[in-house]
There are 2 protein chains.
Amino acid sequence: MLSKKTQYAFHALTYLAENKDKGPVLISEISQERQISLKFLENILLELKKAGVLGSKKGKGGGYYLIKPPEEVKLAKVIRMLDGPIALLPCVSLNYYEKCENCQEEICGLNHVMAEVRDNTLKVLENKTLADVLRSSAS
Amino acid sequence: MLSKKTQYAFHALTYLAENKDKGPVLISEISQERQISLKFLENILLELKKAGVLGSKKGKGGGYYLIKPPEEVKLAKVIRMLDGPIALLPCVSLNYYEKCENCQEEICGLNHVMAEVRDNTLKVLENKTLADVLRSSAS
DNA sequence: CTAAAAGTCTACTAAAATGGTAGGGAATAT
DNA sequence: ATATTCCCTACCATTTTAGTAGACTTTTAG
């Protein structure tokens, strides 16, 4: 399951996407509109900024804004930034590979199946973007 | 990611599948062969028994054994038993559905995508079984 | 009947992850 | 100069994860 952090990130990002013409948006506005704890959201937006998804501006008239158009923000990237690996086993993770302790990969049958799961998952998450997730797109 | 518990469960189940002709297998044997903490493994096997996947026999000559042929043990079921939901959001989980707090499902674009991810994942995990994961099948 | 073998059960614990909070600091606009 | 707004470090409570301890029950063999 996605952590609250990642779920909140998606809420915030879609809010920013829906309001991208209004210039920088206050953390507090997103927090209110999407019912997310202000201080927690601060951390999340900061992470998204450091990861290169958001830009920010300080002082009056400041706030956060999307740095790229929604069509270019892949869902997979957002998940990886905040939750880490998407794969179900470390030994089949593309971005966070780690060797499994208890099995030799050559003869372990599980990793083949889990690699297949990973590919099927990424088929969606690498091709869908923020634009596919906007509220307005549902209407 | 799958928890250690579930990973160990798969190790144990494949071991039992590979040795299913030998009758009941000792916990201690599985523990040694697959390098899993004995006491932790005890808990796991007990859960698997309660969930109807394994049978057991006490006393000398006892141990655990598969109750169904490996071809009938779906990977999805094992994961759900030990780790819970497979979906990435509670509101698109088939077996552990919960309403999302922060979004109205009708207008939230995220759950459509996540339902698609879920379906793609289950396409694999509901159709692959223990038999697809045996070590011997790799040779 | 008894002893050994094996799974069963309850409870406990340490460490890590999760979700969230506090408060001051730095940059910027007016 | 000052109000505004994001930035940063640190902290905290709760839950989950991974594992351990030890007593108890069932079964088999002799």
Side-chain angles (χ1 to χ4, degrees), chain A residues 1-12 16 22-32 34-51 53-67 79 81-85 88 90 96 98 100-102, chain B residues 1-12 16 22-32 34-51 53-67 79 81-85 88 90 96 98 100-102:
Chain A
M1 301 265 277
L2 299 180
S3 66
K4 288 281 182 194
K5 201 164 173 177
T6 300
Q7 292 181 44
Y8 291 156
F10 280 123
H11 280 296
L16 288 173
K22 300 197 328 195
V25 178
L26 295 182
I27 305 178
S28 55
E29 180 181 337
I30 305 174
S31 158
Q32 283 185 347
R34 291 293 159 96
Q35 310 264 60
I36 303 168
S37 147
L38 175 64
K39 291 302 268 180
F40 196 26
L41 186 57
E42 272 187 18
N43 299 333
I44 296 169
L45 295 179
L46 202 49
E47 275 194 72
L48 290 171
K49 183 194 173 184
K50 286 177 181 165
V53 172
L54 295 181
S56 67
K57 203 172 162 238
K58 287 182 182 176
K60 188 162 194 181
Y64 279 100
Y65 51 89
L66 282 174
I67 247 175
I79 294 176
M81 279 173 358
L82 299 170
D83 269 358
L88 294 179
Y96 298 84
E98 273 178 73
C100 279
E101 299 154 15
N102 298 290
Chain B
M1 301 265 275
L2 298 180
S3 66
K4 288 281 182 193
K5 202 164 172 176
T6 300
Q7 292 182 43
Y8 291 158
F10 280 123
H11 279 298
L16 287 173
K22 300 196 331 195
V25 177
L26 295 182
I27 306 177
S28 54
E29 180 181 336
I30 305 173
S31 157
Q32 283 185 347
R34 291 293 159 97
Q35 310 264 58
I36 304 169
S37 144
L38 176 65
K39 292 301 269 179
F40 195 26
L41 185 57
E42 275 186 15
N43 298 334
I44 296 169
L45 295 178
L46 202 50
E47 274 194 72
L48 290 170
K49 183 194 172 181
K50 286 178 179 164
V53 173
L54 295 181
S56 67
K57 205 172 161 241
K58 287 184 181 175
K60 188 162 193 181
Y64 278 99
Y65 50 89
L66 283 173
I67 248 175
I79 294 176
M81 281 173 355
L82 300 169
D83 269 357
L88 293 180
Y96 297 84
E98 273 178 75
C100 280
E101 298 154 16
N102 298 290

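Looking at heavy-atom distances under 4.0 Å, Leu26(A) makes contact with sugar-phosphate atoms alone, never a base.
Whole-Å rounding puts the Leu45(A) CG to dC6(D) P distance at 9 Å. What separates OH of Tyr65(A) from P of dC6(D) is a distance of 12 Å, to the nearest Å. Summarising the geometry, the separation between CD on Gln7(A) and P on dG19(C) is reported as 8 Å, rounded to the nearest angstrom. Atom pair Glu47(A):CD and dG20(C):C1' shows a separation of 14 Å (rounding to whole Å applied). Look at NZ on Lys50(A): it is 10 Å from C1' on dT9(D), rounded to the nearest Å. Following rounding to the nearest Å, Leu48(A) (CG) and dC7(D) (C1') show an atom-to-atom distance of 15 Å.
Exactly one of Val25(A), Leu48(A), Leu46(A) qualifies for a side-chain contact (heavy atoms from CB on, under 4.5 Å) with Tyr64(A). That residue is Leu46(A).
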How does protein reach along nucleotides 18-30 of chain D, written 5' to 3' as B (base within reach of a heavy atom under 4.0 Å), S (only sugar-phosphate), or - (no contact)?
SBBBB--BBBS--
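Between the CG atom in Leu16(A) and the CG atom in Leu66(A) there is a gap of 5.0 Å [rounded to 0.5 Å]. To the nearest 0.5 Å, the span separating OG on Ser3(A) from CD1 on Ile44(A) amounts to 8.0 Å.
The two residues Leu2(A) and Gln7(A) come nearest to each other via the heavy atoms O-NE2, 3.0 Å.
For Lys60(B), the side chain to side chain donor-acceptor pair (under 3.5 Å) criterion is met by no residue, not counting sequence neighbours.
Salt bridge Lys50(B)/Glu47(B): absent, no basic N to carboxylate O contact under 4.0 Å.
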